Amino acid sequence: MQPSYHPQKIEREAQAHWQKTKAALAVEDASKPKYYCLSMFPYPSGKLHMGHVRNYTIGDVLARFHRMQGYNVMQPMGWDAFGLPAENAAMANGVPPAKWTYDNIAYMKKQLQSLGFAIDWERELATCTPQYYKWNQWLFLKLLEKGIVYKKTGTVNWDPVDQTVLANEQVIDGRGWRTGALIEKREIPMYYMRITQYADELLDALDTLPGWPERVRTMQANWIGRSEGVEVHFPYAESEGVLKVFTTRADTLMGATYCAVAAEHPLATLAAKKDWQLARFVEECKRGSVMEADIATQEKKGMPTGLHVVHPLSGEKLPVWVANYVLMGYGEGAVMAVPAHDERDFEFATKYELPIRQVIKSKSGAYESVVAPWQAEYAEHGVTVNSGEFSGLEFQQAVDAIAAALEKKNLGNKRVQYRLRDWGISRQRYWGTPIPIIHCESCGDVPVPDDQLPVVLPEDCVPDGSGNPLNKRADFLDCTCPKCGKPARRETDTMDTFVDSSWYYLRYACPDNANAMVDERAQYWLPVDQYIGGIEHAILHLLYSRFWTKAMRDLGLIKLDEPFAHLLTQGMVLNESFFRKTEAGRIQYFNPVDIEIRTDDKGNRTATLLRSDGQPVESGGIGTMSKSKNNGVDPQSLIEEYGADTARFFMMFTSPPEQTLLWSDEGVDGASRFLKRVWAFGHQWHERFINVSKQQTTTYAFPADIAKVEPIVGALRREVHTVLKQATADIERKHFNTVASAGMKLLNTLQDAGNKAGATASPHFVQAVHEGLGILMRVLYPMTPHIAHALWSGLGYAGEIVDAPWPKVDESALASDEVELVVQVNGKLRGHILVPKSADKAVIEQLALANETVLKHTNGQPPRKIVVVPGRLINIVV
RNA sequence: GCCGGGAUGGCGGAACUGGUAGACGCACGGGACUCAAAAUCCCGCGGCCGCAAGGUCGUGCGAGUUCGAUUCUCGCUCCCGGCACCA
């Protein structure tokens, strides 16, 4: 054993050893419980960032820990390799997205390997390979046959200068990011997945996922947004037909004073034909953003259409307005407006001087009549008033009565509405899975036959920002119609990359199967037992994956209702940013590695200076690591300087996995210092362990009365096993930061005991240290596998640490016949008393009341009440 | 705007089911070693009052429930994630 810690050397050796012994290879084995541990696969953006390091370290800790517990573990890795950044890089550098992507994958794979993750690389996949996306295409066609995939028009951002569709991300303040041109909305035909058909199951099955965080389940439930209400039909006053609206507040129907439709609603289009001012307004509405956040925060604007509808129950004529706050994508694209009991309607009615009619009386007496300004109580359920025959009813009674009346007149009915919309998967972009459709002049849209799959994406295109380069590729476009054999043209739209990530976890079970999307091995490995990824995926990716699983199940491909049994959503990695304002008024950011922070003698910050010129910089606060703020820390330099174990240990120690993690150079130093101490301690005891048998790695024989005969041994073992007990509970509930501190406590304990025992250490004491160090190494192993591996074999413990079981707590080492109780007077801590473990309540009370400080604080008053919490505290109330 | 989450010393965080607030680490201060520095080791370290013993305040803000609240309830403030074409 080397006397000092050389992480680069021991990590290289450990990794080479594990590669040679195929330590991470996962093989189906029915004799053991399986554990499928999956981290969200990375987008190959160029190099790893700290978020990746954190994500995959969490996954690796769980994978290694479960192996220690006897599970047959599979931890795979792959690449979410299609997507927009590759096209952006192509535009910037002229490199084809394929080459850029494959180069990035090669580099990032090396980085992942240098971190020592126990990944079964034989299962590696990349979504941009024809072997993978063939099955996107195949399933797309199966779902098209079943009617789950269908075609309709959808709205996209159109850049009129580049003549191209832009992603939301590429629209900045309503303008194209490259051209600066005002963006228009455009309606184009697209393929959709009928996820709404599964809305009820996706919602109900959330209850079958106790392993998911409550907040994610709540977010998904709200996203699906099932609401029960009434569809109301308002007949057109000036023509045939009805305006359909959906409402959850049918009890307020008699208070409706106008209706409002979205700018895209047919009624708006119709009215705009006769009114140029309205036409201009409708155009203006269509110009705005397609993003919900923008629509919800923009100023509410509207214009009357001049058209009217008839109130289905009162027969009153109500005006129809076009309003920019009505969404075409939700419900019917039209709403009935009840200004007295809906905040948005109230605001709108006040602005445009539309009538406000109160039809609900406050039940709590919070208000008498609805008057400006708006009060939250106006929207609460209450008793109906001013509603003719429907007056005097409670909420549910009113809804029932009004729904029945509407149904009788054939002008409405109760129904369920979802907020969830169908999933549009067409993208007018190059670097994605080609949609396997052929357009034929005589046969229309023809699916590509199975035996012609995959439709291969040419890999040498270089997008230039003006439309999809596939449209310029005759060798891709030109084909023959599979039905009639005449010349035809291929579809050039590609699929949303969420399609790729909706089923990759199934493919890891059988990545080598060229003849089927999934096979029986998926049945063995699935569901994923533990899924780990960013909270930012709480809705879209996870919901699409759940939907996809159910769709595949219904095609008979798998027997699986839910893909992910347990979910851990890890927090983001943050860092402080530093900047200066240049003379031109621009903000220039400096990387934190180039900043010197000065502090006073209390540790408070006094100055932040740029090292190169010694001049001050300002703090831009704490935020996610990003290119724009230049506050990223490169994992590569960290690994090279400190080693993988330090990087991993720092990540686990600094924050609990679900919380944000604040980067700290000093924290990294601390982690490194700890590992050096671990190594030094191992080396220090190396010689003395020679006489301890290898058999004793897991079973140690101590005399039953060791604590009495050798108190120092008893005390050491009590400490070690107390910490182990805590560490075991913590790793099980995934509190890795306290598992890391348990490791530190173990080392402190062993070191203190060693210092006390000195050179006179007895054989039992050496054995207790041997036991404690073996426990320490196994507690650390999931987090810092390399140093644990090297010490384990270096110190002569039996076998390899990859095969070692998680240590067991020796309850007999914890035994003690006295407990310390906290004594409180009136809830305030006043002292501690030592009582025999067997002491009953009366004895404890007596001991406490006789306590000197208690007497002082009770001032001789008799206790009014005494609360005793066994094993914890006693509270005397006077 | 809507949905979800968070806030504890100078800093990251700990406190399992309402029971000793601040484990563990970082930073900082003092000391040892050294010609010196680094590294390492030892001690201290929430605020205020006090030589000390001890007292007192203290978990974003304001209320409430309780013998007892970081933990439960209600009302706020600020920060973060998502909002359907970033992944």
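Note that the structure is predicted; figures quoted are calculated from it, not measured. All chains are named by letter (A, B, ...) in the order of the sequence lines, taking the proteins before the strands, and each is independently numbered beginning at 1.
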Fit a plane to each ring of A:F346 and A:W374, take the angle between them on a 0 to 90° scale, and name the class: parallel (under 30°), tilted (30 to 60°) or perpendicular (over 60°). tilted
Counting any heavy atom closer than 4.0 Å, what does A:M572 reach on the DNA or RNA strands: base, sugar-phosphate only, or nothing? sugar-phosphate
Can you tell me how far P of B:G82 sits from CE of A:M291, to the nearest Å? 10 Å
Under 4.0 angstrom, heavy atoms only, what part of the nucleic acid is A:T660 near: base, sugar-phosphate, or nothing? sugar-phosphate
Rounded P spacing from B:U70 to B:U20 in Å: 10 Å
For B:G60, give its Watson-Crick or G-U wobble partner with both distances under 3.5 Å, or none. B:C76
When you match A:S741 and A:N755 each to their closest nucleotide on RNA chain B, which lands nearer the 5' end? A:S741
OG1-CE distance between A:T57 and A:M783, expressed to the nearest 0.5 angstrom: 11.0 Å
With rounding to the closest Å, how many angstrom separate the C1' atoms on B:U17 and B:G25? 28 Å
Quick one: does A:L568's side chain get under 4.5 Å of A:P657's, heavy atoms only? yes
Whole angstrom value for the distance that separates P of B:A15 from CG of A:L873: 19 Å
Separation of atom CG in A:L543 from atom P in B:G4, rounded to whole Å: 16 Å
Strand partner of B:U70, provided both Watson-Crick or wobble distances fall under 3.5 Å: none
Using a cut-off of less than 4.0 Å, is there contact between a side-chain N or O of A:R427 and OP1 or OP2 of B:A87? no
Mind checking who B:C28 pairs with, Watson-Crick or G-U wobble, both distances under 3.5 Å? B:G44
Whole-Å distance between B:A84 C1' and A:D496 CG? 9 Å
Please give the distance between the C1' atoms of B:A15 and B:G82 as a whole number of Å. 31 Å
Tell me the interatomic distance from A:W177, atom CH2, to B:C86, atom C1', rounded to whole angstroms. 9 Å
Does A:W423 reach a base, just sugar-phosphate, or nothing at all? Heavy atoms under 4.0 Å. nothing
Hey, what's the ring geometry for A:W423 with A:F547, parallel, tilted or perpendicular (30° and 60° as the breaks)? perpendicular
Between A:Y531 and A:W212 (judged by ring centroids, cut-off 6.0 Å), do the two rings come close enough to count as a pair? no
Determine which nucleotide pairs with B:U65, using a 3.5 Å limit on both distances of a Watson-Crick or G-U wobble pair. none
What interatomic distance, in whole Å, is found between C1' of B:G55 and the corresponding atom of B:C67? 22 Å
Quick one about A:D345 and A:Y325 (side-chain donor to acceptor, distance below 3.5 Å, no hydrogens or angles considered), yes or no? yes
Does a side-chain N or O from A:H857 land closer than 4.0 Å to OP1 or OP2 of B:G55, or not? yes
Rounded distance in Å between the C1' positions of B:G22 and B:A7: 16 Å
Within this structure, what is the CD-to-P distance between A:E666 and B:G12, rounded to whole angstrom? 13 Å
In whole angstrom, give me the gap between the P atoms of B:G58 and B:C48. 15 Å
Measuring only the C1' atom in each nucleotide, how far is B:U77 from B:G29? A whole number of Å is fine. 36 Å
Under a 3.5 Å limit on both distances, the Watson-Crick or wobble mate of B:A15 is none
Separation of B:A14 C1' from A:M744 CE (nearest whole Å): 13 Å
When rounded to whole Å, the CD1 to P distance for the pair A:I597 and B:C26 reads 17 Å
For B:G1, what is the paired nucleotide under Watson-Crick or G-U wobble rules, both distances under 3.5 Å? B:C83
Please state the C1' separation for the pair B:G64 and B:A14 - nearest whole angstrom. 28 Å
How is A:E536 classified with respect to the nucleic acid when contacts are heavy atoms under 4.0 Å: base, sugar-phosphate, or nothing? base
Test item: side-chain donor near acceptor, A:W177 and A:D159, under 3.5 Å: no
Paired nucleotide for B:G50 [Watson-Crick or G-U wobble; both distances under 3.5 Å]: none
